[in-house]
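Letters A, B, ... mirror the listed sequences (proteins, then strands); counts begin at 1.
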There are 2 protein chains.
Amino acid sequence: MRQEDLQQMRTLRLFDGMAESYVESMLRASFLQRFPARVELAREGEPADFLHLIIDGQVEVYASHHRRETTVSILGPGQSFILAAVLLDRVYLKSARALSPSRILMIPAEAVRQYFERDVHFARSLGIELAIAYRDIVKELKNQKLRSSLERLANWLLARNTETGASGRFALPFDKKVLAARLGMAPEVLSRSFAALAAYAVSVDGSSVHLQDIDALRKVAHPSAFIDDPAT
Amino acid sequence: MRQEDLQQMRTLRLFDGMAESYVESMLRASFLQRFPARVELAREGEPADFLHLIIDGQVEVYASHHRRETTVSILGPGQSFILAAVLLDRVYLKSARALSPSRILMIPAEAVRQYFERDVHFARSLGIELAIAYRDIVKELKNQKLRSSLERLANWLLARNTETGASGRFALPFDKKVLAARLGMAPEVLSRSFAALAAYAVSVDGSSVHLQDIDALRKVAHPSAFIDDPAT
DNA sequence: TGATATTCTTGACTTTTATCAAGCCATTGA
DNA sequence: TCAATGGCTTGATAAAAGTCAAGAATATCA
């Protein structure tokens, strides 16, 4: 591993407060792996071998069942995935694939469990991390069950706008196909939803989005802190 | 608190391995509260005051948004709720109401956070607990997004049958209205789904269910360990 | 017990979402 | 430059689920 990569990884939130020698020894046991786009990083049903930590790139987490597939989340640098399976030594409930060329820090599951037992700070970090992940997925369940697809899109646009500086203009960070999956609808439905939002001054050209009337959009979206606010 | 209640609570999984004096002091700070049916135990949006632990009774956890409501889970004795909000000192994302007269052990959020910092074993217990809760809700999200309402009902029946001893006969543990909410469908849809399952030898009379051809039912249900198996 | 309320079922209908098919458009690469 | 590929859009249609209304069954309680 390169020196600067190591330096970056030591500062990961997960390692906060952890004894330095432990962090070092955990990192020594880990691999920084490079993956091309489209590669499968984890497969539903397989035993949890590694905790995955995204250093670089975009990863889609999804699940399949009976010829259907659904995207659970799309993650970026600094985020980890399948922590729960690793901690409990169970099989993955979700699969993951790289959306873009990615660099992933792979920490052996065995090491994660070991240091969970050995280091109080690490145990607490994992607890906090899991609590956050839990709340995120509760929000996602509410988003799915309490909203129509049009509302989900409208809220996603508002959230994305806020994330990117609230300028009213931003680019879609991935293909519309992927966005559709992320929002839990067929690509055709996404197309139609975008068309419907034109009435609320949402204009889309390729991957550039322009929200020209945030207030109008908010009226369709009915945003709620208890679903949409990442800080809540 | 009565002596036998105290005894029962000391053995809760959450307290496993925790220093006895800590358990005692945590219990001393807590209340064992009795609630009649229908009472609201926690309300979405309010700051997390207590970790709730069900000693007795049935609790429905649900969320509301914009005139819609959805049930997230129905819990029984030994289960806790809204742990994540307590640990992170955030507001509740879900509400909870008693479905039956219930006794709830209410542990002050402050105490939970304190002992999370103070006692390693408790911190680990919470981590494990959160990991399990996380996986449960991932399964629920998959159940919702990857299945039709008929499939959800069929799988719920199979799971309930297994839970109750696989005799093929069992009683619904709550009103059909509540079951419908639990499965994410309107009561009318549940009625029709039951009617549709008659073709697969499922007979329902009031709250008694009789599964006369498990294999046939499994063919409609397509059960999956990664959604339905509580042990996976 | 009878009165009342609630839950449950069924029918008719609407809305939402998915599916299939065709065509367009942009990107890529020989 | 052109062909090909994959992504995106649009139309037509189907399937799934929700809503409204009415009546039947069941539970609750004075």
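Put simply, CG on L211(A) and OG on S203(A) are 8.0 Å apart, with the number rounded to the nearest 0.5 Å.
K177(B) has its NZ atom 9 Å from the P atom of dT6(C), to the nearest Å. Taking atom CG of L150(A) as the reference point, atom C1' of dT15(C) lies 13 Å away to the nearest angstrom. Note: CZ (R38(B)) to P (dT6(C)) measures 8 Å, nearest angstrom. L179(B) places its CG atom 13 Å from the C1' atom of dC8(C), with the value rounded to the nearest Å. Atom C1' of nucleotide dG7(D) and atom CZ of F174(A) are separated by 16 Å, given to the nearest angstrom. Residue Q144(B) contributes atom CD, which lies 12 Å from atom C1' of dA17(D) at whole-angstrom precision. Atoms CG (L153(B)) and P (dC8(C)) sit 14 Å apart, rounded to a whole Å. When the P atom of dA16(D) is taken as reference, atom CD of E151(B) falls 9 Å away, rounded to whole Å.
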Run the numbers on L83(A) and Y134(B) for side chain to side chain contact (heavy atoms under 4.5 Å, CB included), then give the verdict. CA-CA 10 Å; L83(A) 174 53; Y134(B) 178 82; over 6 Å; no
Quick one: which protein N/O atoms are closer than 3.5 Å to N/O atoms of nucleotides 20-24 of chain C? Pair and distance per line, please.
residue	atom	partner	partner atom	Å
dC20(C)	N4	E188(A)	OE2	3.0

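Between the side chains of S100(B) and Q58(B), not a single donor N or O lies within less than 3.5 Å of an accepting N or O.
Here S149(B) reaches the OP1 or OP2 of dA17(D): one of its side-chain N or O atoms lies under 4.0 Å away. The side chain of K176(A) contributes no N or O atom lying less than 4.0 Å from OP1 or OP2 of dC8(D).
Aromatic ring orientation, Y92(A) versus H52(A): perpendicular (interplanar angle above 60°, classes split at 30° and 60°). Ring geometry for W156(A) versus F170(A): interplanar angle over 60°, hence perpendicular rather than tilted (30 to 60°).
The side chain of A195(B) lies closest to dT10(C), out of dT16(C), dG18(D), dT10(C). Of the listed nucleotides (dC8(C), dA18(C), dT19(D)), dT19(D) has the atom at the smallest distance from the side chain of A186(B). Between dG7(D), dT10(D), dA18(C), one nucleotide has an atom nearer to the side chain of S191(A) than all others, and that is dT10(D).
Checking S148(A) against D175(B), the closest nucleotide of DNA chain C that is more toward the 5' end is the one next to D175(B). For the pair R147(A) and V189(B), both in contact range of DNA chain C, the more 5′-proximal nearest nucleotide belongs to V189(B).
Contact between Q144(A) and L141(B) at its shortest, heavy atoms only, is CG-CD1, 4.3 Å.
Contact check for L197(B) versus L157(B): side-chain heavy atoms found under the 4.5 Å cut-off.
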